[in-house]
Number of protein chains: 2
Amino acid sequence: MAEARPERADAARNRRAILRATEELLARHRPDQISMEQIAAAAGVGKGTVFHRFGSRMGLMVELMRERAYALEGAVTTGPPPLGPGAPPEERLMAFLDAIVDVVGRNKGLLAALGHAATAAPRPAREQGEHRDEAGGEHPLHRFWHGHISALITARRPDLDGELLAHILLGSIQSEPVLRLLERGETSRLAASLRAVAAGVLAAPASGDPPGTSA
Amino acid sequence: MAEARPERADAARNRRAILRATEELLARHRPDQISMEQIAAAAGVGKGTVFHRFGSRMGLMVELMRERAYALEGAVTTGPPPLGPGAPPEERLMAFLDAIVDVVGRNKGLLAALGHAATAAPRPAREQGEHRDEAGGEHPLHRFWHGHISALITARRPDLDGELLAHILLGSIQSEPVLRLLERGETSRLAASLRAVAAGVLAAPASGDPPGTSA
DNA sequence: GGATAAAGTGGACCGTAGGTCAAGTTGGAC
DNA sequence: GTCCAACTTGACCTACGGTCCACTTTATCC
């Protein structure tokens, strides 16, 4: 993992400038109003540089998000309870949900941009074929979050579909209406309801699907 | 509501052709791979006609979705229980969630397209300013769904934040990973977990948010 | 069976955005 | 000081959503 050729000084400077400029623009404008060219201009570099460093719009956004969520990941894997290891699963889950709401709340624009990038990104220019593989966008952040939630749920309730429930929990935070709520600052309201949902799920009686539904 | 000038025969024919063609394409390709021009070509009309009839990509998608979900809306407002009025709220909620999962499952592509359209749509061409009002896309379908779920939750548990919970429930179905699940045909798996979530929420103890969270 | 006006149609056209590339510049190891 | 690989750049390419308007079709009215 130690890069033999670390990164040239100017490259590092530009990378940071681009990241900074993106943050700045994201804070002031709707994400789909921000073009890569604007970002380049704001960072004081050429458009080519942006693409050279980050590959695509999606790449840039993912990088930014990774940077932002880095602390949370650390707190979860090596920090003190209840976020970190040590506390019982349900407490960790609650704490983690709170933390995620917090991160998402402070990064709604970026989240939206990620969503936007996911759909708008991969135009291979020349050579566009059918062979776009199944795995859509799924930024690594999401991976970690999902894995963690999923593990916590399963730890407490192995009888439930933790995998899916984690997707449901996470998905709900990323939906447009909820993001809009966050934009209006109702962070704690969301956190409370999410807790309620999670608590309800963990406390639910052994799952038995009543009959009469789809195949 | 009765249109004095109903719609010319050729217009009606083309409208249907366009809708049909869109369905067809949606069934075979990823939604963001489908351009309006392709749709027009597949329908055997000019691009201008498509825009004339539906206004924008978003308009077309919404129309298609409306068509698809029309039956469900009818079943809910005037049909027999448990979907229609008459059954107790929790039963109606469960039935409705099942129904939505079903509709969404049979229209994942379209759903994704709606999302895509929502972000990619409104480029005012000339005259682009900052004045994009708060209300994002929010197709009417979603409105109805949300209202219904929200009402059912509130009916049963006025102490909970039905509004938000409805958004959470709905949002979860629209997230990418869940959509992908549906694409793999795991409809009943999703329905089961959604039921579990809803049941948990309705059964949850009176909400008291434990202290210590964000402002 | 025309005449006529409203409705509908099509496709060239526009602006913009993401992404590419080949030629030039620069950092830094020796 | 030399040299090469990494880096930078901005003109350029392609594609898309959406607009426009000259032209065709439909339906109505006499």
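Lettering of chains follows the sequences in order, A, B, ..., and the numbering in each one begins at 1.
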*Asks:* Whole angstrom is fine here: how far is it from NE2 in His52(B) over to P in dT24(D)?
*Replies:* 17 Å

*Asks:* Is any side-chain heavy atom of Ser172(B) closer than 4.5 Å to one of Leu169(A)?
*Replies:* no

*Asks:* Side-chain N or O of Thr49(B) versus OP1/OP2 of dG8(C): is the shortest distance under 4.0 Å?
*Replies:*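 Answer no for this pair, as no side-chain N or O of Thr49(B) is under 4.0 Å from OP1 or OP2.
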
*Asks:* Mind calculating the distance between CD (Gln38(B)) and P (dG18(D)) to the nearest angstrom?
*Replies:* 15 Å

*Asks:* Checking all strands, does Ala9(B) fall into the base, sugar-phosphate, or nothing category for heavy-atom contacts under 4.0 angstrom?
*Replies:*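 Sugar-phosphate, no base atom in range.
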
*Asks:* Got a salt bridge between Glu37(A) and Lys47(A), using NZ or NE/NH1/NH2 to carboxylate O under 4.0 Å?
*Replies:* yes

*Asks:* Would you mind reading off the distance between Asn14(A) atom CG and dG27(C) atom C1', rounded to a whole angstrom?
*Replies:*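 Distance, rounded to whole Å: 13 Å.
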
*Asks:* Rounded to the nearest Å, what distance is computed from the CE atom of residue Met36(B) to the C1' atom of nucleotide dA12(C)?
*Replies:* 18 Å

*Asks:* List for me each residue that meets side chain to side chain donor-acceptor pair (under 3.5 Å) alongside His146(B), sequence neighbours excluded, and say none if there are none.
*Replies:* His167(B)

*Asks:* Could you check how far CD of Glu37(B) sits from P of dC14(C), rounded to whole Å?
*Replies:*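 After rounding, the reported distance stands at 15 Å.
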
*Asks:* State which residues pass salt bridge (Lys or Arg N to Asp or Glu O under 4.0 Å) with Arg66(A); sequence neighbours excluded, sorted by chain then number.
*Replies:* Glu63(A)

*Asks:* For Arg13(A), give me all partners under salt bridge (Lys or Arg N to Asp or Glu O under 4.0 Å), at least two apart in sequence or on another chain.
*Replies:*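 Testing Arg13(A) for salt bridge (Lys or Arg N to Asp or Glu O under 4.0 Å), a comparison that skips the adjacent residues, returns none.
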
*Asks:* Without placing hydrogens or testing angles, list every side-chain donor-acceptor pair under 3.5 Å for residues 14-23 of chain A, not counting sequence neighbours.
*Replies:*
{"residue": "Arg15(A)", "atom": "NH1", "partner": "Glu7(A)", "partner atom": "OE2", "Å": "2.5"}
{"residue": "Thr22(A)", "atom": "OG1", "partner": "Ile18(A)", "partner atom": "O", "Å": "2.7"}
{"residue": "Glu23(A)", "atom": "OE2", "partner": "Arg68(A)", "partner atom": "NE", "Å": "3.3"}

*Asks:* Tell me: CZ of Phe54(B) to C1' of dT9(C), nearest whole Å?
*Replies:*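 Going from Phe54(B) (CZ) to dT9(C) (C1'), I get 14 Å.
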
*Asks:* Can you pull out the residues from residues 15-27 of chain A that lie within a 4.0 Å heavy-atom distance of DNA chain D?
*Replies:* none

*Asks:* Might you list the N or O atoms of the protein lying below 3.5 Å from N or O atoms in nucleotides 22-26 of chain C, with each pair's distance?
*Replies:*
{"residue": "dT26(C)", "atom": "O2", "partner": "Arg8(A)", "partner atom": "NH1", "Å": "3.2"}
{"residue": "dT26(C)", "atom": "O2", "partner": "Arg8(A)", "partner atom": "NH2", "Å": "3.4"}

*Asks:* Less than 3.5 Å apart, which donor and acceptor atoms pair up between the side chains of residues 48-55 of chain B and the rest of the protein, not counting sequence neighbours?
*Replies:*
none

*Asks:* Ignoring the backbone of Lys47(A), work out which of dG10(C), dG18(C), dG8(C) is nearest its side chain.
*Replies:* dG18(C)

*Asks:* Please report the distance, rounded to the nearest Å, between CZ in Arg13(A) and C1' in dT8(D).
*Replies:* 12 Å

*Asks:* Listing request: all salt bridge (Lys or Arg N to Asp or Glu O under 4.0 Å) pairs with a residue in residues 144-153 of chain B, at least two apart in sequence or in separate chains.
*Replies:* none

*Asks:* Need one value for Ser35(A): base, sugar-phosphate or nothing, where a base atom within 4.0 Å counts as base even if backbone is also close, heavy atoms only.
*Replies:*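 Ser35(A): backbone/sugar contact only, no base atoms under 4.0 Å.
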
*Asks:* If I take atom CZ in residue Phe51(A) and atom C1' in nucleotide dG10(D), what distance separates them, rounded to the nearest angstrom?
*Replies:* 13 Å

*Asks:* Side chain of Arg53(A) only, please: which of dC7(D), dT9(C), dA12(C) is the nearest?
*Replies:*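 The listed nucleotide nearest to Arg53(A)'s side chain is dC7(D).
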
*Asks:* Out of dG18(C), dG8(C), dT8(D), which nucleotide sits closest to the side chain of Glu7(B)?
*Replies:*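 Nearest listed nucleotide: dG8(C).
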
*Asks:* With sequence neighbours left out, write down each residue that passes salt bridge (Lys or Arg N to Asp or Glu O under 4.0 Å) with Glu163(B), or none if nothing qualifies.
*Replies:*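 In terms of salt bridge (Lys or Arg N to Asp or Glu O under 4.0 Å), with neighbours along the sequence ignored, Glu163(B) is linked to no residue.
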
